[in-house]
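Input: a single structure, listed below in structure tokens.
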Amino acid sequence: MPPPGGIFDVRAFGARGDGQTLDTDAIHVAIAAAHAAGGGTVHFSAGTYRSVSIRLQSRITLSFGPGAVLEAAPYAQHPFDPPEPESAPDAENFSSFGHSHCRNSLISGIDLDDIAIVGPGRIFGKSLVRDRQVPPNAGNKAIALKHCRNVLLRDFSILQGGHFAILASGLDNLTIDNVMVDTQRDGIDIDCCQNVRVSNCSVNSPFDDGICLKSSCALGYPRPTENVTITNCLVSGYERGTLIDGTRTRKVDFAKPMPASTICSTTFGPQESTLLHRGGPTGRIKLGTESAGGFKNIAISNCVFDYCRGLALEAVDGGVLEDVSITNLTMREIQNSPIFIRLGHRARGPGQPPVGAIRRVNISSVVASNVDPRFGCLLTGIPGHCIEDVTLSNLRIDYRGGGTTEDAAREPEEHEAGYPEPYQFGIMPAYGFFIRHVRGITLHNVILSTATRDLRPPFVLHDVTHANFGQITAGRPEQTPLFALKQVSSLMLQNCAGVSDQRLEKPIERATLPAIEAVSSPRLRVFAIGDSISMHYGPALEQLLASRFDYDRKRNDGTDGNAEIDDPTGANGGDSRMVLAYLRLRRERNPINTDILLLNCGLHDLRSD
């Protein structure tokens, strides 16, 4: 037997690693030998080791060498361990089966010290199930650890991890570093854990959360998740398996505009038939939804979101979310809100949990592009319970646009007890930020834009006090306000494009800033250069003008000219605008192209579609 701290090769204890033989017993013998020696490393050399439930012991490191694969064996022929009893008599009422049980996993550990799983090999959960209803004898997690201390997970990959690729419940001193997860449900779930470091991880989870902090009642009691850092990580929602193989396949090209009916009806397959209707690929970093114990002292930095949902901070089960700092995020093809902060009252916990709290949250240096146009950034508490003390700074967000005046008139329902997801609220009346039931919010150096015209205001505030906006730039059509206000007090605006600096202390029942005044004139004027009118903003501009207006374009042999267009019937909707365009100058033998500039265009037909 090797000395304490030695190497225990599973092949020396009878494992075959041939992809056919069930190697579970041999692996357990190796673990027992290492434990009896006072601890050691149980090593897997190159090969495919089929197994069912592996039970770790204290002071054990599982080491998967290059080319080593631990594969979940078919549970119909080889049953996994049964789940352990509930940690409390009524725990199943406050936590899902998947959260509450550990033993029915490929690798599990309960009440252990000083354990590690290291790579660079792979864990392949081939037979693990992802559904809430777990068939008899099945396993549903790749790695599940409960009540453990001093845990290291490093330098390996997980393909198809079941309900949870990694579930850590009630751990102290957990480090997860350089782990790649490509799975069909949750990626890394950290529940009721304290002193946690997650770094350099890549998590692809199109059908559930990527890196998720929770504070559920799965332990039988609420415990806060606190003292956590997440840094240098990627989360995504590519087709499962395509992060590991490098193809990063997107099932739907969200970069192209799609009608709402198409978005809601497109499916990814039998298991994911409602995926797009519910908000598109998931991925993302989230705090919640399970939040009875709360979240404290959390730092997230230098992370990339790609083809997935955005950042979510949720406190809906009575816990307190406080002292959270998030910085340096980049996001592309975001399928719902890039930033979602929700204080609600789902109250999933023993007794009658009170409404929790969200306070002291700082989010900075976020760049997001090709963002879903429906929801904007959504920050909402509930009546009588406000989100408090939030600072958002150095944000650059580009949305797809397309919102209508009907969308702008919507007043979303409260959904106080509902599941916290942006799609539950429907299309937002603001394209940039919808802020409701918030006390103390600062936005500084924020730039918002849309790829296509959006008729909703960039900012809607409802039941907001002590709000400070500075250095705000947001694209918007003429006659669309920058701010729509309802029940707002103590509002300060500084260097907000299109609005004068001002401090409004008295309550505002309802207003827009700037105040919108209607103007009317039936006359449009088009300035053109050259002999032919044509432009890339829309084909056949000349034909469009001729069909709607009575005009005579002067031909002047290529010299500058202009045409006055009379609209005596108000065919342009009575919305007087000056249409100023530099148009292409084309000649048969010497075509000259110039850039095109449209300012204050009042015709819907002239926008770029």
May I have the step-by-step check of salt bridge (charged side-chain N to carboxylate O under 4.0 Å, His left out) for Arg154 and Asp177, ending in yes or no? CA-CA 5 Å; Arg154 174 177 287 164; Asp177 180 57; 3.5 Å; yes
Would Val361 and Leu321 count as a side-chain contact (heavy atoms from CB on, under 4.5 Å) here? Give the steps. CA-CA 9 Å; Val361 175; Leu321 187 157; 3.9 Å; yes
With side-chain hydrogen bond (donor to acceptor under 3.5 Å, both in side chains) as the test, would you mind laying out the steps for Ser364 and Thr327 before giving the verdict? CA-CA 5 Å; Ser364 65; Thr327 189; 3.0 Å; yes
Begin from the C-alpha positions of Gln77 and Leu22 and carry the test side-chain contact (heavy atoms from CB on, under 4.5 Å) through to its verdict. CA-CA 10 Å; Gln77 291 81 35; Leu22 187 70; over 6 Å; no
Full working for side-chain hydrogen bond (donor to acceptor under 3.5 Å, both in side chains) between Arg396 and Ser369: CA-CA 8 Å; Arg396 175 66 178 96; Ser369 63; over 6 Å; no
Apply the test side-chain hydrogen bond (donor to acceptor under 3.5 Å, both in side chains) to residues Ser325 and Asn362: give CA-CA distance (whole Å), side-chain angles for both, the deciding distance (0.1 Å), then the verdict. CA-CA 5 Å; Ser325 180; Asn362 187 357; 4.8 Å; no
Verdict with reasoning, Phe207 to Arg240, per side-chain contact (heavy atoms from CB on, under 4.5 Å): CA-CA 9 Å; Phe207 313 126; Arg240 57 184 167 184; 4.0 Å; yes
Go through it in stages, so that I can follow the logic: the residues are Leu171 and Val196, the test is side-chain contact (heavy atoms from CB on, under 4.5 Å), and I'd like the CA-CA distance, side-chain angles, deciding distance and then a yes or no. CA-CA 9 Å; Leu171 272 57; Val196 178; over 6 Å; no
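Remark: the backbone N or O of Pro420 is not paired with any side-chain donor or acceptor of Arg342 at under 3.5 angstrom. Without hydrogens or angle criteria, Thr450 side chain to Thr452 main chain gives a donor-acceptor distance under 3.5 Å. Panel note: side chain Ser291, backbone Val316; a donor-acceptor pair is recorded below 3.5 Å. Side chain of His78 to backbone of Ser51: no donor-acceptor contact under 3.5 angstrom is found. Side-chain atoms of Gln160 come within 3.5 Å of backbone N or O of Lys126 as a donor-acceptor pair. Remark: the backbone N or O of Gly161 is paired with a side-chain donor or acceptor of Thr183 at under 3.5 angstrom. Looking at Lys141, its side chain never comes within 3.5 Å of a backbone N or O of Ser108 through a donor-acceptor pair. Between the Ser215 side chain and the Thr225 main chain, no donor and acceptor come within less than 3.5 Å of each other. When atom types are taken as modelled, the side chain of Arg130 and the backbone of Gln184 share a donor-acceptor pair closer than 3.5 angstrom. Looking only at distances, a side-chain donor or acceptor of Glu84 sits under 3.5 Å from a matching main-chain atom of Arg103.
Leu329 CG to Ser365 OG: the interatomic distance, rounded to the nearest 0.5 Å, is 8.5 Å. One finds the CD1 atom of Ile326 at 9.0 Å from the CD1 atom of Ile298 (value rounded to the nearest 0.5 Å). Note: Asp186 CG to Phe164 CZ = 4.5 Å, rounded to the nearest 0.5 Å. Atom CD1 of Ile166 is separated from atom CG of Leu153 by 5.5 Å, given to the nearest 0.5 angstrom. Here Thr282 contributes atom OG1 and Asn336 contributes atom CG; the two are 8.5 Å apart, rounded to the nearest 0.5 Å. Here the CG atom belonging to Leu213 is positioned 6.0 Å from the CD1 atom belonging to Ile300, to the nearest 0.5 angstrom.
Using a 4.5 Å heavy-atom cutoff, the side chains of Asp407 and Tyr431 are not in contact. In this structure, the side chains of Ile358 and Leu313 stay at 4.5 Å or more apart for every pair of heavy atoms. Side-chain contact check for Val129 versus Tyr75: some heavy-atom pair is nearer than 4.5 Å. Contact of the Ile60 side chain with the Val42 side chain is registered, since non-hydrogen atoms from C-beta on lie closer than 4.5 Å. Here the side chains of Ile447 and Ser449 are not in contact, with every heavy-atom distance at 4.5 Å or above. Contact check for Val69 versus Phe44: no side-chain heavy atoms found under the 4.5 Å cut-off. Tyr399 has its side chain out of reach of Asp454: every pair of non-hydrogen atoms, C-beta onward, lies at least 4.5 Å apart. Under the 4.5 Å side-chain criterion, counting only non-hydrogen atoms from C-beta, Leu62 is in contact with Ile31.
Ion pair Asp306/Arg250 flagged as a salt bridge, since at least one NZ, NE, NH1 or NH2 atom sits closer than 4.0 Å to an Asp/Glu carboxylate oxygen. The pair Arg284-Glu421 meets the salt-bridge criterion, with a side-chain N (NZ, NE, NH1 or NH2) lying under 4.0 Å from an Asp/Glu carboxylate O. Salt bridge annotation for Arg59-Asp114: absent, with no cationic side-chain nitrogen under 4.0 angstrom from a carboxylate oxygen. Salt bridge status for Asp172 with Arg149: absent, with no side-chain N to carboxylate O gap under 4.0 Å. Comment: Arg11 does not engage Asp9 in a salt bridge, judged by the lack of any side-chain N to carboxylate O separation of less than 4.0 angstrom.
Applying side chain to side chain contact (heavy atoms under 4.5 Å, CB included) to Ser216 and the options Arg223, Arg348, Glu290 leaves one that passes, Glu290. Shown are Asn370, Ile397, Leu311; of these, the side chain to side chain contact (heavy atoms under 4.5 Å, CB included) with Met331 is made only by Leu311.
Between Asn227 and Arg197, the closest heavy-atom pair is O-NH1, 3.1 Å. Ala165 and Ile158 make their closest contact through O-CD1, 3.7 Å (heavy atoms, listed as atom of the first residue, atom of the second, distance). Heavy-atom minimum distance, Ile117 versus Phe156: O-CE2, 3.3 Å. Taking both residues in full, the closest heavy atoms of Arg346 and Gly418 are given as CB-O, 4.5 Å, listed atom of the first, atom of the second, then distance. For the residue pair Ile341 and Ile363, the shortest heavy atom distance occurs at CD1-CD1, 4.1 Å. For the residue pair Asn204 and Gly241, the shortest heavy atom distance occurs at ND2-N, 4.4 Å.
When only modelled atom types and interatomic distance are considered, Asn178 and Asn200 share no side-chain donor-acceptor pair under 3.5 Å. Using a 3.5 Å distance cut-off with no hydrogens or angles, the side chains of Ser199 and Asn232 do not pair a donor with an acceptor. For the residue pair Thr231/Ser301, the side-chain donor-acceptor check at 3.5 Å is satisfied.
Below 30°, between 30° and 60°, or above 60°: for Tyr307 and Tyr238 the angle between ring planes is below 30°, a parallel geometry.
Counting non-hydrogen atoms of other residues, nucleotides and ligands closer than 6.0 Å to CZ of Arg122 gives a total of 12 or fewer.
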